[in-house]
Number of protein chains: 2
Amino acid sequence: MQELSEKGNITRARIVETARELFHKNGVRATSVDQILEASGTGKSQFYHYFRSKEDIVREVLRFYKEVMLSGQGPIRIEIDSWEGLENFFNDHLKGIRMFNYERACPIGSIGNELAAENEDVRQDVNAVLDISIQKITEFFEGLKKAGKLKKSADPKSLANFSLASLQGALLLSKFNKDPKPAENTVKHALTYLKSFSK
Amino acid sequence: MQELSEKGNITRARIVETARELFHKNGVRATSVDQILEASGTGKSQFYHYFRSKEDIVREVLRFYKEVMLSGQGPIRIEIDSWEGLENFFNDHLKGIRMFNYERACPIGSIGNELAAENEDVRQDVNAVLDISIQKITEFFEGLKKAGKLKKSADPKSLANFSLASLQGALLLSKFNKDPKPAENTVKHALTYLKSFSK
DNA sequence: ATAATATTGTACTAAATAGTTCAATATTAT
DNA sequence: ATAATATTGAACTATTTAGTACAATATTAT
């Protein structure tokens, strides 16, 4: 691999960002390389200079999500240290789908659902990225437990897993309905349930 | 539209069934018309004799799911008249994903996630099919309520919506993990929560 | 039997797709 | 300044895609 100049980094990042947006909006297979080029104002030689293939850019998009989440620079706070923080985590996702008129679900989940069967690496990448959220929520519940503020019967990892599953389903149903209510309703119930383990 | 002979109906049904299976396994866009033809042992002239386009067969597949659900002939009992029936509804879905080694999520949800953005008709079809389940679950909770066996605070439609959302998320996470545990765990929590409204 | 209709096989088309080639132009380091 | 390297433009290729044309063959109704 050759080095990238500052200019190269900017071009590369623009391509990744454009691909990320198109994958979220239309799906990976519904997005052609040519569409990414046109929308990012780049040419084919630029694309294949920075990426080996379409598969490669899918994985780079997932790497982007991973980095954003790990660096805490994304629009959604996943460092959760209070019940309010957990509510914000859910509500930020509701804000997210509102931005796109309830026409999109989770960008990472969408990629996973489309490609997990045909590409084992992508499946694992998707899993790893979603695990970041699950791990953060797990740590929140573990903290509560250590502080004696969570019922003994509660399993942090299990509750965190349930949190993410209900959130994925919530976003999906709102996309199908093009309406915020299914997601809001699901999140409300999930939070009520989770809080029932508080003490 | 011309009439179909018995032979025609069989061929047509075989194409729909093959498409249904491939869409579930690999996704709609990942499935070419030619793949459907090869897997169903039919030719192009047959396909376009019975279907107007690829979009058309996607909608026929959704119509198939709708009919199966409404006729009660599917592998999953959606006529629910007891808590055990609701548990079976969830557990049947867990059995379903086990059949495919946890490599697939909901076939209807997958189509919706892939095509809702680009095809409004498909989005509405998907919504309508999933609404059949939601409606059946709603009726179960309404029945309980009328019998005085559900807390007054419980809203049947809202709980039914939550049921389907958590199920969709459950199946999705197990697909990403290629493992039954996330779905089993999510379903366990969802059922616990739902039962908390029993009285 | 024959006419009408339904089904199917073969060959084709036009567009889109991912990816390549290669030379031209910037940029950076010495 | 110049050599090395990074970036980009333009034209191209091979394959796959959805969909068409049309004649040949079955099947059914009269």
Side-chain angles (χ1 to χ4, degrees), chain A residues 1-23 25-62 111 114-115 117-122, chain B residues 1-23 25-62 111 114-115 117-122:
Chain A
M1 258 301 187
Q2 66 190 346
E3 264 175 66
L4 294 197
S5 69
E6 190 172 354
K7 194 182 171 194
N9 272 317
I10 290 171
T11 300
R12 207 196 105 107
R14 194 166 74 251
I15 295 174
V16 172
E17 167 55 23
T18 305
R20 193 199 59 71
E21 159 68 10
L22 289 173
F23 291 166
K25 187 178 186 203
N26 299 322
V28 174
R29 298 196 80 112
T31 301
S32 68
V33 172
D34 284 350
Q35 277 178 273
I36 296 169
L37 303 181
E38 201 193 333
S40 62
T42 53
K44 222 152 220 204
S45 65
Q46 287 172 288
F47 183 91
Y48 286 100
H49 182 63
Y50 297 110
F51 309 98
R52 283 192 303 274
S53 62
K54 192 182 175 186
E55 177 190 341
D56 190 30
I57 203 180
V58 170
R59 301 196 63 191
E60 288 304 307
V61 164
L62 289 171
I111 293 174
E114 208 181 343
L115 302 184
E118 77 176 86
N119 190 319
E120 173 67 11
D121 291 329
V122 168
Chain B
M1 259 305 186
Q2 66 189 345
E3 265 175 65
L4 293 197
S5 70
E6 190 172 353
K7 194 180 171 196
N9 272 317
I10 289 171
T11 300
R12 207 196 104 108
R14 195 167 72 251
I15 295 174
V16 171
E17 168 55 20
T18 305
R20 192 198 59 70
E21 160 67 9
L22 289 173
F23 291 166
K25 186 177 186 205
N26 300 323
V28 174
R29 299 195 79 114
T31 302
S32 70
V33 172
D34 284 348
Q35 277 178 272
I36 297 169
L37 303 182
E38 201 193 332
S40 64
T42 53
K44 218 149 225 205
S45 66
Q46 286 171 289
F47 184 91
Y48 286 100
H49 182 64
Y50 297 111
F51 309 98
R52 283 191 305 276
S53 61
K54 191 182 173 184
E55 177 190 341
D56 191 30
I57 203 182
V58 170
R59 301 195 64 191
E60 288 305 308
V61 165
L62 290 171
I111 293 174
E114 208 181 342
L115 302 183
E118 75 176 87
N119 191 319
E120 173 66 12
D121 291 328
V122 168

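Within every chain, numbering begins at 1; the chains are lettered A, B, ... in the order of the sequence lines, protein sequences first and strands thereafter. Predicted model only: the values in this text are computed from it and were never measured.
A:Glu55 has its CD atom 9 Å from the P atom of C:dG19, to the nearest Å. The distance between atom OH of A:Tyr50 and atom C1' of D:dG9, rounded to the nearest whole Å, is 13 Å. In this structure, the CG atom of A:Asp56 is 13 Å from the C1' atom of C:dA18, given to the nearest Å. Remark: P of C:dA16 and CG of A:Leu37 are 15 Å apart, rounded to the nearest angstrom. With rounding to whole Å, A:Tyr48 atom OH is found 16 Å from D:dG9 atom C1'. Going from atom CD of A:Glu38 over to atom C1' of C:dA16 covers 14 Å, rounded to whole Å. Atom CZ in B:Phe47 sits roughly 17 Å away from atom P in D:dA21 (whole-Å rounding). With rounding to whole Å, A:His49 atom NE2 is found 15 Å from C:dT20 atom P.
Between B:Glu6 and B:Val28, the residue anchored closer to the 5' end of DNA chain D is B:Val28, taking for each the nucleotide with the nearest heavy atom. When each of B:Lys7 and B:Ser45 is assigned the nucleotide of DNA chain D with its nearest heavy atom, B:Ser45 is the one assigned upstream, toward the 5' end. Each of B:Thr42 and A:Lys54 has a nearest nucleotide on DNA chain C; the 5'-most of these lies closest to B:Thr42.
Figure legend. D:dT8 is base-paired to C:dA23; pairs are counted as Watson-Crick or G-U wobble with both atom distances under 3.5 Å. Pairing for D:dA29 is with C:dT2, a Watson-Crick or G-U wobble pair whose two hydrogen-bonding atom distances lie under 3.5 Å. When Watson-Crick and G-U wobble pairs are counted only if both distances are under 3.5 Å, D:dA18 pairs with C:dT13.
A salt bridge does not link A:Glu17 with A:Arg14: every distance from a Lys NZ or Arg NE/NH1/NH2 to an Asp or Glu carboxylate oxygen is 4.0 Å or more.
Put simply, B:Gln46 has no side-chain N or O that comes within less than 4.0 Å of OP1 or OP2 on C:dT7.
B:Val122 and B:Leu115 make their closest contact through CG1-CB, 3.9 Å (heavy atoms, listed as atom of the first residue, atom of the second, distance). Between A:Ile36 and A:Ala19, the shortest heavy-atom contact is CD1-CB, 3.9 Å. Pairing each heavy atom of B:Lys54 with each of B:Thr31, the nearest pair is NZ-O, 2.7 Å.
Of the candidate nucleotides D:dA26, D:dG19, C:dG19, C:dG19 has the atom lying nearest to any side-chain atom of A:Lys44.
Two residues are said to be in side-chain contact when any heavy atoms from C-beta on lie closer than 4.5 Å; A:Thr11 and A:His49 fail this criterion.
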